[in-house]
Structures are given as C-alpha cells and as structure tokens.
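Quick note: numbers below take in every heavy atom, side chains included, and nothing from hydrogens, waters or symmetry partners. In what follows, chains carry the letters A, B, and so on, assigned in the order in which the sequence lines appear, proteins first and then strands, with residues in each chain numbered from 1.
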Amino acid sequence: MIFKLSKYIVVTDVLDPNSEKQQRIIFSTRSGISALIEDAVYQKLQVGDFTGLGNNVLSRFMDYEIIVNNEEDEFQEILKLNKLGVKDTKSVSMTIQPTANCQLGCFYCGQVHSKQTMSADVQEKILQRLIYQLDRQRDTELVHTTWYGGEPLMGYSAIINLSNRMQEIARDRGLAYGAYMITNGLSLKKDIFTELYLHHKITRFQITIDTVKEHHDKRRITKKGESTFDIIMKNIVEICALEHYQARVKHPIFIRMNVDESNYQHVTEFIDYIVSLGLKDKVEMGFFPISNWGDKNAGDEQGLTTNEFAELEIEWLMYMQEQGFTMEYILPLRNYDVCMVVNEASEVYDATGNITPCYEFPYTPKYEDKKYIIGNLLEDESTYNNKTQVRGWYDDLATCNVSPKCSKCNLFPVCNGGCPKDWYNGEVKCPTVKANIEDKLVLQYLMDKSSLKTLM
Amino acid sequence: MKSKRLKMALQKFSEARIEGGLEDGFEVMNLDEASSTRGGNLAGCTCNNGSNYTTKPPDCTCNNGSNYA
Amino acid sequence: MNASIIADYLKQFEDYAPEPPKEADSSAASSNSNKFDNGHIFYALLEYIIRELPEREKHTYCYSLSQKLLRVCQSKERNVATYFVNKVEEQYALLNEEQALEYHALRSIFNPVMAYYHYYLQHDYERAEGYMLGLLENIDYLIGHGFLDGMYMKIEQYLNTARVYFNAGQYDKSARYARVVMQYLLSSGKETFEFPFSEVLRSANQLNSILALFFNGLIFKALAKPESGAFFRNDFLLAVFREMDISFNEMMEPATRDALAILLRISEGEEEEGLEMALDTQIFNEKVPASMRYFVLTALLHHNNAGDLLPEPLKNNIRLYQEKELGLTASQINVLRPLNAIV
C-alpha cells in the first residue's frame with residue numbers, strides 16, 4: 001500500500017522565520033485537528049517521505065487523516081462519510097415559525113410577512129410529525145426546537161402550547177429537550193425571557209443589532225419606520241441584570257451583527273458600547289456578512305466582498321479579545337452535515353403548515369416552487385416530496401452536478417459547501433473562513449498559548 | 001497571514017517565548033474541540049485491553065474499564 | 001447473628017466522607033505507572049509487528065483503522081461505523097494465511113474491534129462470538145511467536161467472551177470462560193495457559209488492578225441480572241468461583257481473598273458464617289474490588305433487617321459510600337437492589 005499527504009490540509013507560513021525552530025501550524029480539515037509542526041517534518045510530508053517519522057507520529061498522522069491511503073479518492077470518501085454521519089445525528093431538530101408576522105421591515109429581509117399565526121390544527125400536526133420522526137430515528141437522544149419567524153414572539157401562545165407538549169413527549173421517551181430562539185428582541189421583555197428560559201428551555205436567544213444606534217435604526221425599523229434600537233437594548237440590559245440570567249448557560253443572549261459596507265466601520269464602536277454597559281461577560285457576539293435573501297439582493301448591492309469581510313473579521317475578533325470578551329474556539333469543526341438541509345430529521349414548519357428543508361424558504365416568494373417544499377402538514381403524507389432539491393446536496397456533489405469548486409477545495413470537510421441553496425441558485429458563495437483560515441489558525445494558536453491581550 | 005496586527009502579535013509572542021522544540025516534531029493543539037464533533041475522543045488511545053506498556057499510543061487519555069458493559 | 005452486632009459493625013461508616021475530587025493524575029498516564037490502565041496492548045502489538053515485518057505504513061494504517069472503528073462504536077455512530085467496517089473488511093480480504101505472523105497480528109488488531117461492533121452496536125452475539133473465538137487462536141499464535149504480552153490480550157478476551165455469552169443468556173458458557181481466566185489470574189501457576197501470569201506481570205499493583213476489573217466486571221453483571229441467579233445465591237458466580245483448586249498468587253491482596261471467601265460462603269447458603277468472617281476481616285478498604293464490598297455490605301444490611309436499625313445519618317453515609325466509593329450510579333443502585341430498599 002502506498003500513502004500520501006492528504007490534500008485536505010491547511011498550512012501556515014513558518015511562524016517565526018528568525019527562530020532556529022522553524023514551526024508551522026498544520027490543520028487537517030478531514031479531522032479538524034490543528035497542530036504545530038516543524039518545518040522539516042512538513043517538508044518530508046510534502047514529498048511523501050514518511051520514513052523519518054517515528055511510529056507514534058506516523059500513527060497519529062494517519063489517525064488525524066494527514067497521511068492517507070494513496071488509492072483513496074478523498075473527496076468521494078468524505079462525501080460517503082458525510083452521508084453516513086448525518087444519519088447518526090442523535091437529535092430531531094425542528095425549526096418552527098409560529099407566525100408569519102413581524103413588526104420589522106428590514107431592507108435585506110427576503111420574507112413577505114402576513115398576519116397569519118399558526119392554527120391549532122397545524123400545531124397538532126407538528127406534534128404528530130415529531131412523533132413520526134422519533135419513531136423513525138430510534139437513536140434519538142435530543143429533541144431540539146429553534147423558534148423562528150417572522151418574529152416568533154408574535155406567535156407566543158403557539159410557542160407555549162407546542163413547547164409544553166414537546167417537552168412532555170421528550171420526557172415520556174426519556175429524551176433531552178432544548179430550544180433556541182431567533183428574535184428581533186423587540187418584545188423580549190424580562191418576564192417573557194424568564195418564562196421561556198426557565199420553563200421552555202430556550203437557552204439561546206439570537207438578537208440582531210446592526211451595530212450602533214445610528215445604523216441599526218436606519219435598517220432594523222418597524223414597518224411604519226419607527227426606530228427599535230433603544231427598546232431592544234433596554235430589553236437586553238434588563239434581562240442581563242436578572243439574577244437567574246446565567247442560571248442555565250453562560251451566554252443566553254447572542255447578539256448578531258449584520259455587516260455591510262454601510263456599517264462595518266461601526267462594529268468596534270458597538271463592541272465598546274456593549275462593554276460600557278457591562279455586558280461583555282453576559283452576551284456572545286458574532287458578525288455576519290449581509291447576503292442576498294430571496295428576491296432581495298442586498299448582498300450584491302452593498303455587501304462586502306468575502307475577502308474584505310474576512311480581513312475585518314480577524315480585526316474584530318482581536319478587538320473583542322482586547323476588550324476582554326471570552327472566546328474559546330474560533331476554528332471550523334469537522335462536521336458531517338453542511339447544515340440542516342441534508343438531514344431528514346431536521347425540518348422547518350411554517351405557520352401555514354408548510355414543511356421545508358431550509359429556513360430561508362418560508363414566506364419567501366422566490367422559493368414557492370414545489371422543488372423547495374416537502375409538503376404541507378395539513379395534507380396527506382403521501383403527497384410529500386422527500387426529494388427536494390437541497391436534500392440531494394451530497395449526491396449532487398458526488399456526481400459533480402453542482403459546485404465543481406467544492407471538490408477541489410481543501411476546506412471542504414469543515415465547510416461541506418457552506419450554503420447549498422446558494423450554489424443551486426448559481427451563486428459562488430464560499431464562507432469567509434476560506435479567506436482567513438490561516439489567520440484564524442494563528443489567532444487560535446495565540447489564544448491558546450498566551451494571553452493575547454498582552455500582545456496587542 | 002493577512003492581518004498586520006496579528007503578525008505583530010505573533011512576532012511579540014515569538015520574541016517573548018522560550019524556545020522549545022516539539023517532541024516528535026509535532027504537537028496537537030485542539031484535541032478536545034476536534035473530538036467534540038466527532039463523537040469519540042480523537043486521542044490516539046481508546047484502548048480496551050492489556051496493560052501499561054513502555055510503548056504507549058500517542059495522547060493516551062484512557063481510564064480503567066472495558067468497552068464491554 | 002444479632003442485627004445489633006451488625007449495626008455496631010457498620011458504625012465504621014459513621015465517619016465516612018467522600019474524598020475531594022483528585023487532580024488529574026499525570027502519573028497515571030506515564031509509561032512506568034504500575035496501575036492497570038487497560039490499554040496500549042494493541043499499540044504494543046503494532047510496535048511488535050513493525051519490528052518483525054516490513055511495510056510499517058500499511059500496518060500502522062490497519063492499526064489506525066481499528067482505532068477509528070473503535071471510537072465510532074464507542075460513540076454509537078452506527079452508520080459511520082459501517083464505513084470503517086467496510087474498510088476493515090477490505091483488509092481482511094487481503095490477508096494471506098501463509099504469511100502467518102502478519103495474518104495473526106492484523107487479525108488480532110481487527111477482530112476485537114469487529115467483535116465489539118457486532119456486540120455493542122448490532123447486538124449480534126453470534127458474529128461477535130465468531131470474531132472472539134478467532135481472536136483467541138490469533139493470540140495463541142502471537143504468544144507462540146514470542147509476543148508474550150499477548151497474554152494481556154488473551155485474558156481480556158476471555159473476559160469479553162464471558163460477557164458476550166452472558167449477555168446472550170448463555171450463562172454456562174459464560175461461566176466456563178470466566179472461571180478459566182479467573183483461576184489463571186488468581187493462581188500462581190499457569191493453569192491451562194502457556195505460562196504463569198507472573199511472567200508478564202509488572203507489579204502487585206497491576207495484578208490487583210486487573211483483578212478488580214475482572215471481579216467487578218463479572219460480579220456486578222451477575223448481580224444486576226436476576227436470570228443468572230438470585231442475588232445472594234447467584235448460580236453464575238458460584239459456577240465461576242466455587243472450589244478453585246489452585247495455589248493463590250502471593251501478590252494478590254489478602255483482603256480480596258477474604259472477600260472472595262465471604263462472598264462464596266454467603267452464596268453457598270452459609271450466611272451466618274460468611275457474615276461472621278466479614279466482621280473479623282478488613283474488607284472495606286479500597287484495595288478490595290468494589291463489587292465484593294457491595295455484595296458483603298448488602299448482605300450485612302439485609303441480615304435480620306440490620307439496616308433498619310441504623311440511624312438516618314448513617315444510612316445516608318452508606319448511600320454516599322455506595323455512590324462515591326463503590327462508584328455506583330443512581331441507576332445502578334436502583335438496579336442493584338435490595339440495598340436501595342434499605343438505604
């Protein structure tokens with residue numbers, strides 16, 4: 001048998017060219033392992049000379065998929081493993097949209113909102129569908145819900161009813177139950193938070209604040225044009241002051257910043273603002289590039305390029321470290337699933353009863369075609385389409401029907417294509433990590449080995 | 001590396017760092033995190049047999065006990 | 001025996017307090033530790049093959065494959081496991097029996113993991129049995145070839161085989177394997193094996209650590225499964241341990257020998273005598289396997305309902321002792337009645 005260096009590795013430059021010990025960081029995307037490696041060892045790996053490696057090292061390199069069987073078509077092997085791995089997910093994940101309504105009219109949002117909330121019939125059908133999924137997936141250990149909208153809190157009573165019943169089903173079967181919520185934060189008063197956090201096991205509330213007031217209030221406004229920044233921030237501050245705020249998890253609130261060319265310069269200012277409110281140990285923060293959504297092309301119109309965003313992201317991560325935010329791990333992990341779309345145990349249920357494989361499809365005119373919709377809960381199951389386009393992502397990749405770039409990309413095992421929907425739409429959309437993985441490796445290394453703050 | 005600030009931080013770190021070679025020319029940095037998504041522990045040893053040996057698999061973190069319940 | 005005598009004896013648990021959690025013991029992972037840490041034999045075997053045969057990379061690849069399969073089995077990744085099973089089967093197909101050392105060595109690396117896969121993920125005890133019995137032949141070859149540490153593999157495979165048969169409900173067969181290996185480990189002779197265990201044993205600590213693993217593996221399993229016999233008169237345990245005609249290994253912890261004698265006495269229906277022995281010996285020390293201490297403690301608490309005489313704080317201490325010292329989980333305590341009924 002002949003062996004080779006895997007093509008699924010990322011290697012940094014020599015970290016300190018002036019040092020006697022020439023070391024690099026090597027990252028195996030097939031295993032998610034990162035390691036320091038002496039340049040001399042790396043040079044040998046590159047030419048396929050493994051004779052000088054000790055038995056220990058050889059065995060570890062094989063274990064971490066750094067050295068692999070030469071006969072393997074690595075891409076096909078990864079896909080095979082991905083398809084199997086997705087089936088081993090031990091959870092049933094539901095994304096539930098209890099309403100199609102939302103107070104906000106954000107310019108980049110692709111959804112068309114209406115006043116429809118989820119009927120009792122649809123709620124019953126969701127519960128039946130959950131039981132069907134649990135019966136089908138005998139290894140399930142966790143029932144997980146993501147409450148999404150529209151604005152989910154505008155369908156509060158459906159949340160409470162469904163949550164109680166789903167927790168009961170999980171309890172009866174001896175399964176764990178957990179939930180997240182994606183909310184605009186406008187109605188998230190401290191009492192509501194308390195109820196949802198303590199009794200409905202929602203342990204992560206993702207609230208979007210598009211940086212500072214000046215910019216947030218230009219875009220995350222109500223449909224009547226009213227500003228929302230002050231109300232949302234007041235809610236967050238009050239919630240963070242609750243005694244039980246960190247009773248279940250360290251960071252129940254995750255603040256998401258959607259960033260484009262109009263507000264990227266204000267990210268650090270917003271970080272400062274969060275620090276000034278004393279929230280740095282209470283909330284988690286993340287930055288996301290604004291992208292196209294449905295028929296709204298905000299990403300094309302005013303989004304940052306992948307390279308621009310990637311460079312800024314490193315600066316922001318460092319800035320947050322400098323300000324004392326705790327960040328433990330920033331490298332991508334080896335996952336078998338690209339996202340929910342490849343996992344049949346993961347479905348989105350909207351207020352009308354539609355079942356879709358991706359949460360960007362509901363209420364979005366661009367995705368009304370039946371190739372995007374599994375079916376409707378109120379219809380007979382025999383009408384369901386189990387072969388929606390995105391569910392076939394790995395098969396299509398295997399036969400090179402879509403995204404030929406992925407098969408050549410060394411980051412594929414930790415990315416798995418990023419967003420299948422985008423590729424099917426003909427958009428070439430690599431995640432920003434493709435442009436900053438080397439910097440992230442170095443940053444993670446410094447975070448692990450030093451107190452980064454002292455280095456800046 | 002693209003970030004100038006990061007480059008400077010790395011340089012500062014390298015200067016302050018006491019030079020140390022890597023055992024076997026290699027040192028894994030993120031076993032725990034990488035293992036978390038892969039189910040099992042990626043550490044080389046997940047042994048279910050035998051005794052202590054002078055030759056041990058890399059990164060052994062195993063405890064007593066057999067796999068067989 | 002009067003219940004109050006037992007209650008007096010159990011006062012020794014009045015001062016029991018769980019030890020604070022220990023810092024990670026780095027020495028436990030050091031290569032010179034004497035503690036039996038249950039592993040590394042496969043790696044040692046790999047090194048042996050590498051010394052004896054060419055194609056280091058291929059053999060390392062096979063070792064790595066078996067480790068990957070083991071890992072995904074442990075984390076119950078049923079579907080991913082099939083991926084590695086296929087890879088292992090590809091390697092089986094390439095093996096040539098005429099190249100005997102490679103054949104037996106690689107099968108020794110693959111067979112236990114394949115057995116584990118069928119046992120643990122598929123609950124296919126027959127196929128697991130096939131791999132295990134094959135493995136015993138492979139190990140014998142390796143031992144004959146000079147890989148004496150293969151004896152560690154052999155003893156564990158006896159235990160594993162006993163476990164597989166036990167879970168399949170074949171208690172007689174299970175007890176036969178368990179008895180053979182226990183006789184070997186407890187004795188100072190070679191019994192039916194190639195050489196006495198002392199020839200590869202590193203230290204007394206190691207022996208006692210191995211014995212603890214084996215005793216606990218068998219006793220806890222038997223007590224938790226009423227089909228294998230009544231709690232106090234467990235046919236399975238009697239079949240394994242009764243009337244061993246051996247000269248006991250001097251390195252064996254004396255208190256463990258006492259505990260075994262007590263366990264047998266009680267199991268044979270001589271409860272009074274057994275409990276009297278318990279009161280005269282010092283078996284409630286950490287050197288005695290937890291399962292034996294648990295068994296005797298249960299018998300003491302049950303005898304003439306002695307447990308009912310204990311004051312509440314003492315009962316609580318005994319429950320704590322069960323959990324922290326004997327390492328029983330709440331569900332184990334519930335399964336392993338009847339102590340739970342009292343404390």
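Contacts between L446(A) and chain B at a heavy-atom distance below 4.5 Å involve the side chain alone, from C-beta outward. Of the two parts of D448(A), only the side chain, counted from C-beta on, holds a non-hydrogen atom closer than 4.5 Å to a non-hydrogen atom of chain B. Proximity to chain B is limited to the side chain of I314(A), based on heavy atoms less than 4.5 angstrom apart. For chain B, no part of Q321(A) is nearby; none of its heavy atoms comes within less than 4.5 Å. Proximity to chain B (any heavy atom under 4.5 Å) is shown, for Y42(A), by neither the backbone nor the side chain. Neither the backbone nor the side chain of A310(A) has a heavy atom closer than 4.5 Å to any heavy atom of chain B. Heavy-atom distances place no part of K90(A) under 4.5 Å from chain B, backbone and side chain included. Using a 4.5 Å cut-off between heavy atoms, I25(A) contacts chain B through its side chain alone, with no backbone atom that close.
Defined by atom type and a distance below 3.5 Å, a donor-acceptor pair is missing between the side-chain atoms of Y319(A) and E315(A). Using a 3.5 Å distance cut-off with no hydrogens or angles, the side chains of R30(A) and N410(A) do not pair a donor with an acceptor.
Considering all non-hydrogen atoms of both residues, K440(A) and L317(A) come closest at CE-CD1, 4.1 Å.
Using cut-offs of 30° and 60° for the angle between ring planes, the F287(A) and W316(A) rings count as tilted.
Of the listed residues (Q11(B), M8(B), K7(B), K12(B)), the one with the most heavy-atom contacts under 4.5 Å to chain A is K12(B). The candidate from M318(A), E311(A), Q444(A), E328(A) with the greatest count of non-hydrogen atom pairs under 4.5 Å with chain B is M318(A).
The existence of a salt bridge linking E74(A) and K7(A) is excluded, since no basic side-chain nitrogen approaches an acidic carboxylate oxygen closer than 4.0 Å. One finds a salt bridge joining D39(A) and R24(A) here, because a Lys/Arg side-chain nitrogen approaches an Asp/Glu carboxylate oxygen to under 4.0 Å.
For F13(B) and Y445(A), the ring centers are positioned less than 6.0 Å apart.
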